K.L.:
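Following this message is one structure expressed as C-alpha cells.
Quick caveat: nothing in here was measured; it's all calculated off a predicted structure. Residue numbers run from 1 in the order of the sequence given. Order of listing sets the numbers, starting from 1, for every ligand and every atom in it.
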Amino acid sequence: MFQEEDDWDDFGGVETATKTTNKSSFGGFGDDVNSDFAGSSFSGNNSKFNGGSGSMNGGGDRGGGARNRSCFKCGQEGHMSRDCTSGASGDTQAKKCFKCGEEGHMSRDCPSNTSTGSSKACFKCGEEGHMSRECPNNNNNNSKACFKCGEEGHMSRECPNNNSSKDGFGTSSRACFKCGEEGHMSRECPKAGEPDPNRPPLYIPPPPSEDEEVIFASMQTGINFNKYDSIPVEVTGMDAPNPIANFDEANLPETICANVKKAKYSRPTPVQKYSIPIINADRDLMSCAQTGSGKTAAFLLPVLSGMFRKGLKSDTLSEKQTPQAIVVGPTRELVLQIFLEARKFAYGSVIRPVVAYGGTSVGSQLRDLCRGCNILIATPGRLLDFINRGKVSCECVEYLILDEADRMLDMGFEPEIRRLLGSPGMPDKNSRHTLMFSATFPNEIQKLAHEFLRDDFLFLSVGRVGGACSDVTQTILQVDEEDKRETLMQLLSDVAETRSRTLVFVETKRKADFLAAFLSQENLPTTSIHGDRYQREREMALADFKSGTCPIMIATSVAARGLDIPKVEHVINFDLPNEIDEFVHRVGRTGRCGNLGQATSFYSDNKDGMLARSLVKVLADAQQEVPEWLESCAESAIGTSFGPKGGQFGARDARNKGRGQSRVETFRSKGDYDYADGGSTAEDQFGNAEKQASNGFGEDDDEWE
Ligand SMILES: Nc1ncnc2c1ncn2[C@@H]1O[C@H](COP(=O)(O)OP(=O)(O)OP(=O)(O)O)[C@@H](O)[C@H]1O
C-alpha cells in the first residue's frame, strides 16, 4: 500500500486541478497568482473536499493550455463561451445562471434582478448585474492585470508577451516558485524533479528497540521515593472512588501487571494510587501532581486496562484507523517518550500504540499507523493532519488524554485542541472520557478546561498545584546580563571531568545556538535542542545528552515539560522564563522519582522583576531558602502589575469559589513548543514555533516526502 515515499506524491495532480478550480469558479479572475502561491496548499483541500470533481471535469485542461478547451455554453471546441453564437446551452450538462440558479440563461441575462439570496456582485466594481469580465468600470482599482506581463485586457494564459518577466504590477520580475528562475511557472519547471535545496532532509526516525532490556529500562527510584506517601492529597468532586494501596488492587490485566513488574514499579506513587481507580471507574479527571511523580503511568495503566476490558475495536491493516485512545502532548520528544511508555506497558499484548509528530516523514508514519492503532500518541498538528487526510477517525475514541493539559489549553494550542474536539466523529464529552494531567494548573486554564470535561469530573491534587519539587535544591543568583556567561562557566567548570548531566535553559533559539557553540569552543561537550533545529538534530541532541556524550544541553522551553531524562543532576536557568509555571516545569527536569537534584537560576534585576513574587512563593512552598534580596524585590513588586499583595497560586480545584485563589502571575507567553506540528513543511521541520496554530495542516508535505 505505501511501498514508496513517492506513493504520496499524487498531490501534484490535485494542484493542477486546483488552479483551474479557482479560475472557473471566479469567472476568469483566477490569475495564476492564486494557483502558484496559495493553490497548492489551501485550494488543494477545496478540490478534494468541496466539489473538486467539478474542477477535474475539463478544468484541468483549461489551466495547462496544451489541451483542447470547449465552450462553456455550447460545449463545442474552437471558441470561448463569450464568442458563442449558439443562443442556448447545447451540452448535456445544462449550465445554471450564476445569479438565480436557474437554467436557460446566463447571469448577465438574468431576469430576476431582484434575486436576494445568492445575488453576486461584480468582483471588480462590486456592483450587481454583470460579471467582472464585462465590467464597465474599467478604471476600478481592482482591475486585474495579466500575471505574466502586467498589462490589462487579457489573462496570463492568453498573454502575447510570453517572454515578459514582469509581474502583475509591472514592477518586479516573477521567479518560478520551485527553482527561483524566471521565464516559466512552477508547473512547467524543468527542475521539478530535482530536490529543493531549501527543503529539510527527509527524516524517518529509527524504529524503537525490540530489546526487552531497553524497553523496560527505567529510572532508579531515589531516596525520597518513600516520602511521596506523606504528600497531602486532595480529591474534589462527588463520589470519588477509594485510592488503591498497591498495584494488585489496580485491576490490571495480567499482561499489563507483568509489564509493571518488569519495569520495576514495586508500588504506585500517590498520583497513581488515586488516578488509577478514578479512571477505572470511568470518571473524567483533572489531575495535578508534582513533576517526576509518575503521572504518565497514572493515565496509561488504567487506559490500557480499560481498552482491554471493553474490547479492542481498531482494524489492523485498515487505511483509516480508529484508535480508542488518543493522547496529545505539546512537544515531539514528549509524545515520543509517552509512546515508548505505552509500548512498554502494552508489551506482549495485542494493543498497538502508534506515535505521530511533526518534523518527520508523513509517509513513514502513515505506513506505521495503517498497520493498526489502538492508542495514538501525537502532537496536535500532526494528528489533525492525519484526521484531515482521512487516515484517522475519532469515532471510536473512548479516552482523550491531554498531557501537560494546561499548556495544551493555553493560547498556543487551544485552537488545535478545539479543532480536534470538533473533528468529525469525535464523541462529545459525555460519550468519551477526558483526562487531563499536569504539574501546574492555573485557575483560568482550569475554568477553560471545565468546558471539555463531564460535569461530574474529579479534581485530584497531590501536593501544591503548581508547586516545585522539594527534592530539588534551588539557588537563585543575582546576575547582570553581561556577567551571565562567566557565571555559567564557573558553574560548569568541572563538568568536562564529572560528566554530570546539566541542562541549561535560555530564552531564545538563537541564544541556545550561540551558547552551545561558545561552550563547545571552550572544550565543554555541549549540544542544544530548540524548535529551529531539524527533528533529526533534536533527537540526536537528546540522545547525546542522555548517553552522556554531551553532558551539557542548552535548551529552550521545548525541553521544559515532561521530558524524563535519567541522571540530570543540575538545571540552570541562564534566563528565567516569563511564567512561573514554566519555571516549575524546567526545575522539574531534575529531582525525579524521589531522586535529588539541583537547580540554579540567574535573576537579572532589569528583566525578571515580574517573576519575583511568584519565585518567592514557589521557593518557600518547596522549603527552599529565599534570599533576602529576592524578598526585597518581591516586596517592591507589591501593588504593581507584577502581582497583588500576598500573591497565591491556583492551588486547588477552581470550582471551589472563594477558596480558590487568584494567580499572581499573568504574563503568559507562547514559548518554544511544537505548535501547528502538521505535515513536514519546511517550517515544520525547521522552526515552526512562531507559526500560528491556526494556519493549516501543511497539506503539501507529500510533494517532497
Ligand atoms: N510507581 C513507580 N515506581 C517506580 N518508578 C516509577 C513509578 N511511576 C513512575 N516511575 C518513573 O518515574 C519517572 C517519572 O515519571 P513520569 O515521567 O511519568 O513523571 P511525570 O509526573 O509525568 O513528570 P512531569 O510532570 O515532568 O511530566 C519515570 O522514569 C517513570 O518510569
K.L.:
Could you note down all residue pairs passing ring pair (Phe, Tyr, Trp, His ring centres under 6.0 Å) where residues 249-284 supplies at least one of them, sequence neighbours left out?
P.N.:
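Listed once each, the pairs are Tyr265-Phe345.
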K.L.:
Enumerate the protein residues lying less than 4.0 Å from ligand 1, judged by heavy-atom distances, in chain and residue-number order.
P.N.:
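Within the 4.0 Å shell of ligand 1, which is judged on heavy atoms, sit Met219, Thr221, Phe225, Phe247, Tyr265, Arg267, Pro268, Thr269, Gln272, Gln290, Thr291, Gly292, Ser293, Gly294, Lys295, Thr296, Glu404, Gly562, Asp564, Arg589, Arg592, Cys593.
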K.L.:
Can a donor-acceptor pair be found, under 3.5 Å and without considering hydrogens, that links the side chain of Glu537 to the backbone of Asp532?
P.N.:
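Checked: no pair found.
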K.L.:
Do the side-chain N and O atoms of Asn224 and Asp471 include a donor-acceptor pair separated by under 3.5 angstrom?
P.N.:
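Short answer, yes.
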K.L.:
If only side-chain N and O atoms count, and only distance matters, is there a donor-acceptor pair under 3.5 Å linking Thr600 with His570?
P.N.:
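Judged by distance alone, the side chains do pair up.
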K.L.:
Side chains of residues 292-305: which donor-acceptor partners sit under 3.5 Å, not counting sequence neighbours?
P.N.:
| residue | atom | partner | partner atom | Å |
| --- | --- | --- | --- | --- |
| Ser293 | OG | Gln290 | O | 2.7 |
| Lys295 | NZ | Ala289 | O | 2.8 |
| Lys295 | NZ | Gln290 | O | 3.0 |
| Ser305 | OG | Leu301 | O | 2.7 |

K.L.:
Give the table of side-chain donor-acceptor pairs shorter than 3.5 Å for residues 549-557, with sequence neighbours excluded, one pair per line with atom names and distance.
P.N.:
| residue | atom | partner | partner atom | Å |
| --- | --- | --- | --- | --- |
| Thr549 | OG1 | Ser547 | OG | 2.7 |
| Thr556 | OG1 | Val558 | N | 3.4 |
| Thr556 | OG1 | Asp672 | OD2 | 2.5 |
| Ser557 | OG | Asp672 | N | 2.7 |

